[in-house]
Amino acid sequence: MIIVLKLHSTDDEVARVEESVRELGYEPHTIRGEIRTVVACVGDETTHKSPEALETLPEVDSVVPIQKRYKLVSRDYCPDRHRVQVGNTSLGGPAFHVVAGPCSIETYDQTLETAYAVKASGATLFRGGAFKPRTSPYDFQGLGDEALDILARVKTEVGIPAVSEVLRASDIDRMIDVVDVFQIGTRNCLNYSLLEAVGSTGRPVFLKRGMSATVEEWLLAAEYLAKNGSPHIILCERGIRTFEKATRNTLDLSAVAVARLESNLPVFVDPSHAAGRRDLIPQLARAAVAVGADGLMVEVHPNPEEALSDAAQQLTPEMFTALMDEIAPFIQAAGREMAAPTEVSA
Ligand code: PEP
Ligand code: MN
């Protein structure tokens, strides 16, 4: 951090600031200008107390952070791209992965049919919500434990690892035997106690970007997971809140590019929740591949019109097959190959 002092500081004022910097555990290096003095704080900002508090000193004009506030997920600190191992496959390498499945697990047959279909079309991970974070308390909240039982049977029968959203730390214990990857949804991206609890499982985590989270906040959420024990994180951009009403959210492709530059984590795109309508999913999926995403998450339902949640955005299995065919040349043009099928982890 750099501490910028107020104009025309006296020697005593500079000395007071230097003393406060030392008290925080940093070594002050002072540069005296004609009218302005600045004090550089040398030390690791991620392990010392934040010098931001120094902004309250009467001698100080402003405090300018220099280091990134995230470390474990940062490419500056750890330049090698992190591969996330799930089952017999690894995400974040040259292979392009697609996670697909219904918004909600509704019945055994619906889940089984979708899992077989998406696997046959090339999805490597199956998604399905057991606990649903719904805007209205009157909307379908997910089948809960019953959905977990269905998911356990289906993933074993079909041979595909499962991703499912965790809403509460108290659900982790019953989910952990079924779920290969914990999903943290957009609404919980900044729920720090949940991030700590999920991180401490050491399991891979699919971290959706908060609908109003900046890229820095999203990466700091990932840092919570890594710091607490799970560096196996897949970031997912799923659209942010803007003034635009034509789509459910606004897919922020710039954030995908930034997240891939700033972090060492795989970055996925969810065109389903971004668009909120199925007719835009192929276009957004192609754009995601072109911008360098490592994979997609797509919602698929055997009868979308009967879906209990997110009906308008779910693809039929036939549409999903067409989508996979359509993105194949883009994946190749991006210098990647479609990932080989996965099997469930033991
Ligand atoms: C979901 O994946 O079904 C979901 C609720 O996603 P998001 O958190 O991105 O809204
Ligand atoms: Mn959904």
Side-chain angles (χ1 to χ4, degrees), residues 96-104 114 117-118 121-123 125-129 132-136 139-140 163 165 183-189 206-213 215 218 234-260 266-331 334:
F96 190 88
H97 286 265
V98 179
V99 184
C103 180
S104 300
T114 317
V118 298
S121 298
L125 284 94
F126 180 68
R127 62 146 290 151
K132 295 305 301 178
R134 304 308 301 281
T135 303
S136 165
D139 287 342
F140 176 62
V163 184
E165 179 167 355
Q183 177 172 323
I184 303 269
T186 193
R187 293 161 183 81
N188 277 313
C189 174
F206 195 87
L207 177 63
K208 298 261 196 121
R209 179 184 179 190
M211 63 183 91
S212 313
V215 173
W218 185 25
I234 302 133
L235 297 171
C236 180
E237 158 62 31
R238 47 77 71 198
I240 53 171
R241 275 279 164 90
T242 69
F243 53 82
E244 183 52 67
K245 296 265 193 288
T247 49
R248 184 177 178 185
N249 292 286
T250 297
L251 182 61
D252 184 5
L253 288 174
S254 322
V256 178
V258 174
R260 286 194 93 260
V267 183
F268 278 46
V269 167
D270 170 353
S272 305
H273 290 87
R277 41 190 273 198
R278 66 179 64 87
D279 62 342
L280 295 180
I281 289 166
Q283 297 90 313
L284 299 188
R286 293 196 304 257
V289 178
V291 84
D294 297 283
L296 295 172
M297 173 176 267
V298 181
E299 285 191 341
V300 181
H301 192 287
N303 302 297
E305 57 288 353
E306 288 170 19
L308 298 179
S309 58
D310 288 348
Q313 70 195 32
Q314 302 203 58
L315 300 180
T316 62
E318 297 72 34
M319 288 170 175
F320 179 69
T321 308
L323 172 74
M324 295 295 270
D325 290 344
E326 195 173 332
I327 61 173
F330 287 79
I331 291 169

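Only heavy atoms go into these numbers, but all of them, side chains included; no hydrogens, no water, no symmetry mates.
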J.: Tell me whether Thr114 contacts the main-chain N or O of Pro102 through its side chain, where contact means a donor paired with an acceptor under 3.5 Å.
T.: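 No: the side chain of Thr114 does not pair with the backbone of Pro102.
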J.: Stepwise, does the side-chain contact (heavy atoms from CB on, under 4.5 Å) test hold for Thr247 with Leu280?
T.: CA-CA 9 Å; Thr247 49; Leu280 295 180; 3.5 Å; yes
J.: Which pair of non-hydrogen atoms, one from Gly101 and one from Phe126, has the smallest distance, and what is that distance?
T.: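 The answer is CA-CE1, 3.8 Å.
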J.: Please identify each residue that fulfils salt bridge (charged side-chain N to carboxylate O under 4.0 Å, His left out) with Arg241, with sequence neighbours left out.
T.: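 Once residues adjacent in sequence are excluded, Arg241 has no partner under the salt bridge (charged side-chain N to carboxylate O under 4.0 Å, His left out) criterion.
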J.: Where the side chain of Arg260 meets the backbone of Ala293, is there a donor-acceptor pair that is under 3.5 Å apart?
T.: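 Not confirmed, Arg260 side chain does not pair with Ala293 backbone.
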J.: Any sub-3.5 Å donor-acceptor pair from Thr321's side-chain atoms to Ser121's backbone N or O?
T.: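 Side chain of Thr321 to backbone of Ser121: no pair is present.
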J.: Test side-chain contact (heavy atoms from CB on, under 4.5 Å) on Ile327 and Arg286 and set out the steps.
T.: CA-CA 6 Å; Ile327 61 173; Arg286 293 196 304 257; 4.3 Å; yes
J.: Give the intermediate values and the outcome of side-chain contact (heavy atoms from CB on, under 4.5 Å) for residues Ser212 and Ile240.
T.: CA-CA 6 Å; Ser212 313; Ile240 53 171; over 6 Å; no
J.: Do any N or O atoms from the side chain of Arg278 and from the backbone of Ala311 form a donor-acceptor pair under 3.5 angstrom?
T.: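 Checked: pair present.
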J.: For Cys236 and Val269, work out which heavy atoms get closest and say how close.
T.: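 In terms of heavy atoms, the two residues are closest at SG-C, 4.0 Å.
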J.: Considering all heavy atoms of both residues, which atom of Leu296 and which atom of Ala288 are nearest to each other, and what is their separation?
T.: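 What the structure gives for the nearest pair is CD2-CB, 3.8 Å.
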J.: Can any side-chain N or O of Gln183 pair as donor or acceptor with the backbone N or O of Gly185 at less than 3.5 Å?
T.: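 Checked: no pair found.
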J.: Any chance you could measure Arg134, atom CZ, to Ser309, atom OG, to the nearest 0.5 Å?
T.: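 Answer for the CZ-OG pair, Arg134 versus Ser309, is 5.0 Å.
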J.: Roughly how far apart are Ile184 CD1 and Leu235 CG, rounded to 0.5 Å?
T.: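 Spacing of CD1 (Ile184) from CG (Leu235) equals 12.0 Å.
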J.: Among residues at least two apart in sequence or on other chains, which ones pass ring-ring contact (aromatic ring centres under 6.0 Å, His included) with Phe320?
T.: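 Phe320 satisfies ring-ring contact (aromatic ring centres under 6.0 Å, His included) with no other residue.
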J.: How about Thr135 and Arg187: do any of their side-chain heavy atoms sit closer than 4.5 Å?
T.: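 A side-chain contact under 4.5 Å exists here.
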J.: Just by distance, do the side chain of Glu306 and the backbone of Pro302 share a donor-acceptor pair under 3.5 Å?
T.: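 No; judged by distance alone, with no hydrogens or angles, the pair does not exist.
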J.: Could you state the interatomic distance from OG (Ser272) to CG (Leu284), rounded to the nearest 0.5 Å?
T.: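 Answer for the OG-CG pair, Ser272 versus Leu284, is 9.0 Å.
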J.: Any idea which heavy atoms bring Ala259 and Trp218 closest together, and the distance?
T.: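 Here Ala259 and Trp218 meet closest at CB-CZ3, 3.9 Å.
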J.: Could you state the interatomic distance from OG1 (Thr186) to CD (Glu165), rounded to the nearest 0.5 Å?
T.: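 The CD atom of Glu165 is 9.0 Å from OG1 of Thr186, to the nearest 0.5 Å.
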J.: Determine the interplanar angle of the Phe206 and Phe268 rings, folded into 0 to 90°, and report it as parallel if under 30°, tilted if 30 to 60°, perpendicular if over 60°.
T.: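 Ring orientation of Phe206 relative to Phe268: perpendicular.
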J.: Taking all atoms of both residues into account, what is the closest heavy-atom pair of Met324 and Ala123, and its distance?
T.: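 The pair with the smallest heavy-atom distance is CE-N, 3.9 Å.
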J.: Quickly, which of Lys208, Arg209, His273 forms a side chain to side chain donor-acceptor pair (under 3.5 Å) with Glu237? Name it, please.
T.: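 Single side chain to side chain donor-acceptor pair (under 3.5 Å) partner of Glu237 among Lys208, Arg209, His273: Arg209.
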J.: Looking at every heavy atom in both Lys132 and Gly129, which two are closest together, and how far apart are they?
T.: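 Smallest interatomic distance, heavy atoms only, reads CD-CA, 3.9 Å.
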J.: Can you spot which of Glu299, Arg238, Gln313 makes a side-chain contact (heavy atoms from CB on, under 4.5 Å) with Asp270?
T.: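 Exactly one pass, corresponding to Arg238.
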J.: With rounding to the nearest 0.5 Å, note down the distance linking OG1 in Thr250 to NZ in Lys245.
T.: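 Taking OG1 in Thr250 and NZ in Lys245, the distance rounds to 10.0 Å.
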J.: What distance do Asp139 atom CG and Leu308 atom CG have between them, rounded to the nearest 0.5 Å?
T.: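 Interatomic distance, Asp139 CG to Leu308 CG, rounded to 0.5 Å: 10.0 Å.
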J.: Does Cys103 form a side-chain contact (heavy atoms from CB on, under 4.5 Å) with Gln314? I'd like the steps, not just the answer.
T.: CA-CA 8 Å; Cys103 180; Gln314 302 203 58; 3.6 Å; yes
